[in-house]
Amino acid sequence: MAKLVWFRHDLRTLDNPMLNYACRSGQPVYGCYLITAQQWQRQNHSPLRNQYVLNRLSALRQELADCHIPLIIKSCDDYDGCLYELEQLCMQLAIDEVVMGAEYGLWERQRDEKIHAALATQSIPMTRFTSQVLVAPGEVTTAQGQPYRVFTPFSKAWKAQLSLHELSPLAAPKQHPQNTKIDEGLSDAQLTRFAGGESCWPVTQEQVLNHLNLFVKQKVSHYQQWRDFPSEPATSRLSVALAHGVFSTAQALHLLQQSYPEQYLDPKTGPGCWLNELIWREFYIQLLAQFDTISQGLAFKSETRAIQWEQNPAALTAWQQGKTGIPIVDAGMRQLNEIGWMHNRVRMICASFLCKNLWLDWREGEKYFMSKLIDGHLASNNGGWQWSASTGTDAAPYFRVFNPISQSQKFDPQGDYIRHWVNELASLSAAQIHDPDNTVRQKVNYPQPLVDLKQSRKQAIARFAAQTKRD
DNA sequence: TGCGACTTTCA
DNA sequence: GAAAGTCGC
Ligand SMILES: Cc1cc2nc3c(=O)[nH]c(=O)nc-3n(C[C@H](O)[C@H](O)[C@H](O)COP(=O)(O)OP(=O)(O)OC[C@H]3O[C@@H](n4cnc5c(N)ncnc54)[C@H](O)[C@@H]3O)c2cc1C
């Protein structure tokens with residue numbers, strides 16, 4: 001009899017509770033990953049993200065091989081196909097337990113429930129661990145026993161919970177070498193072919209951990225000061241690795257704690273501010289796990305669900321292509337389109353512009369981001385969009401509307417970020433670049449602003465006021 | 001991590 | 001009449 005570890009969003013060998021549990025049994029251990037291409041397409045996963053996953057799987061297979069654990073990679077259409085593949089594997093490999101890290105989207109929870117029930121009829125237990133977050137959804141609750149809906153109290157409870165958690169990361173387990181040859185499914189050559197190239201993002205665990213180490217040692221102290229300036233390389237850019245579980249919150253936190261024991265809990269310091277961002281990620285994940293409306297595409301605040309958003313395909317396309325005539329928005333959208341990643345400050349500006357100034361449905365923005373981001377993750381992406389749209393819990397108040405040009409002047413004062421991503425504006429001065437004069441726009445062939453910022457802001461606030469009063 | 005309308009304070 | 005403060009969307 002053997003154990004099967006099903007990898008999903010925890011593509012690592014270090015600090016992996018499933019692997020450790022399976023290996024402690026003393027039985028043979030097999031890893032598996034199921035590629036569900038149709039499902040990915042239905043959920044708008046971006047091509048660059050798929051490429052990253054496929055590259056990462058080759059690397060993970062090597063890392064697992066160092067532990068003498070084979071990684072079987074199979075392809076099936078969608079979540080329904082997963083059950084069949086798992087049953088096949090259980091039969092072929094004489095599996096007596098399937099082990100996995102919990103996933104929190106509604107469809108993923110339903111899939112896992114189905115599989116759990118089906119395997120149970122064959123007396124194969126399915127055991128779920130917490131692998132994506134340090135503090136499991138529901139582990140901390142408000143005094144009334146409710147899930148937290150507000151970030152600050154959640155983060156306090158989260159930190160208070162740390163004393164109960166072992167932070168020193170689990171080592172990668174080592175199995176005895178196995179001689180028996182098994183069918184590992186898709187070969188590395190096939191993975192490389194499907195990936196269609198090499199991801200620009202680090203794919204090995206070693207590269208990612210080096211990057212994490214370097215960030216914590218050299219950059220996190222200045223994080224608080226510089227994180228909002230998109231032309232500064234001040235943020236960790238670890239979201240891609242975190243979204244796929246190449247390392248855990250505990251691994252990052254352990255480093256922070258070791259390096260900055262006096263600071264890491266204080267959000268006013270660089271390390272403490274960065275930890276807060278890791279907690280934001282866990283905050284949104286626990287919301288996703290405990291409120292089905294997020295997976296169902298409903299606004300979190302019910303009083304905002306009746307809002308009639310504009311239907312304007314031309315404006316949506318202009319926004320998507322980075323041709324809105326608002327330089328900072330266009331720079332952000334072009335960064336997203338080109339590299340599948342956007343700086344957080346600019347994500348907020350682009351999202352706010354779509355919802356508040358263009359009055360387009362935040363779900364259109366959410367969908368488009370998901371179709372381009374490599375770090376795309378339902379919990380954080382939905383969280384970010386509902387924050388921006390003021391439809392979320394603990395969101396930006398509807399009357400606090402960003403002015404993208406003031407944001408641009410404040411956070412990209414020299415215009416370096418804009419110059420880098422918007423070619424037409426590369427030669428403009430800092431005085432012109434945030435909102436060029438008509439004549440300058442014509443000269444460099446840059447569009448006029450798609451909307452009047454002042455007027456659209458006023459209208460958005462009025463519409464929200466009318467909507468929320470109605471109840 | 002908002003901003004305009006309005007009031008108060010000071011010269 | 002400028003600057004600083006307060007209010008409400
Ligand atoms: C509209 C919108 C959509 C977003 N979509 C996603 C998404 O699909 N996936 C995603 O991982 N993040 C998303 N974010 C959050 C944030 O923009 C990115 O996590 C961040 O820009 C990643 O860069 P970094 O790794 O350099 O972050 P750092 O500043 O170094 O932060 C460290 C880590 O903390 C987490 N984090 C940071 N900020 C947030 C946040 N606001 N919410 C949740 N987690 C956070 C990320 O995992 C990040 O890697 C979105 C934000 C907005 C406003």
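Numbered from 1 within each chain, the chains take letters A, B, ... in sequence-line order.
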Exercise. When you check the gap from the basic side-chain N to the acidic O, do Arg111(A) and Glu103(A) get nearer than 4.0 Å?
Worked result: yes
Please enumerate all protein N or O atoms sitting under 3.5 Å from an N or O of nucleotides 3-7 of chain B, with distances to 0.1 Å.
| unit_1 | atom_1 | unit_2 | atom_2 | d |
| --- | --- | --- | --- | --- |
| dC3(B) | O4' | Arg457(A) | NH2 | 3.0 |

Seminar exercise, completed: In whole angstroms, the gap separating C1' of dC9(C) from NZ of Lys356(A) amounts to 12 Å
For this session: Return each pair, listed once, that meets salt bridge (Lys or Arg N to Asp or Glu O under 4.0 Å) where at least one residue sits in residues 216-227 of chain A; pairs must be two or more places apart or across chains.
Result: Arg227(A)-Glu277(A)
Problem set entry | Residue pairs, two or more places apart or on separate chains, that pass salt bridge (Lys or Arg N to Asp or Glu O under 4.0 Å) and touch residues 247-276 of chain A | Asp266(A)-Lys268(A)
Exercise. Checking all strands, does Tyr398(A) fall into the base, sugar-phosphate, or nothing category for heavy-atom contacts under 4.0 angstrom?
Worked result: sugar-phosphate
Seminar exercise, completed: Residues pairing under salt bridge (Lys or Arg N to Asp or Glu O under 4.0 Å) where one sits in residues 370-394 of chain A, two or more places apart or in two chains, turn out to be Arg347(A)-Asp375(A)
Problem set entry | Listed once per pair and sorted, the salt bridge (Lys or Arg N to Asp or Glu O under 4.0 Å) pairs that draw on residues 420-430 of chain A, sequence neighbours left out | Arg334(A)-Glu424(A)
Exercise. Can you name the side chain to side chain donor-acceptor pair (under 3.5 Å) partners of Thr324(A), sequence neighbours left out?
Worked result: Asp330(A)
For this session: Can you sort out which residues in residues 263-275 of chain A have a heavy atom within less than 4.0 Å of DNA chain B? Ascending by number, please.
Result: none
Exercise. Partners of Gln251(A) by side-chain contact (heavy atoms from CB on, under 4.5 Å), sequence neighbours excluded?
Worked result: Arg12(A), Leu14(A), Asp15(A), Pro169(A), Leu209(A), Phe247(A), Ser248(A)
For this session: Could you list the residues that satisfy side chain to side chain donor-acceptor pair (under 3.5 Å) with Asp412(A), not counting sequence neighbours?
Result: none
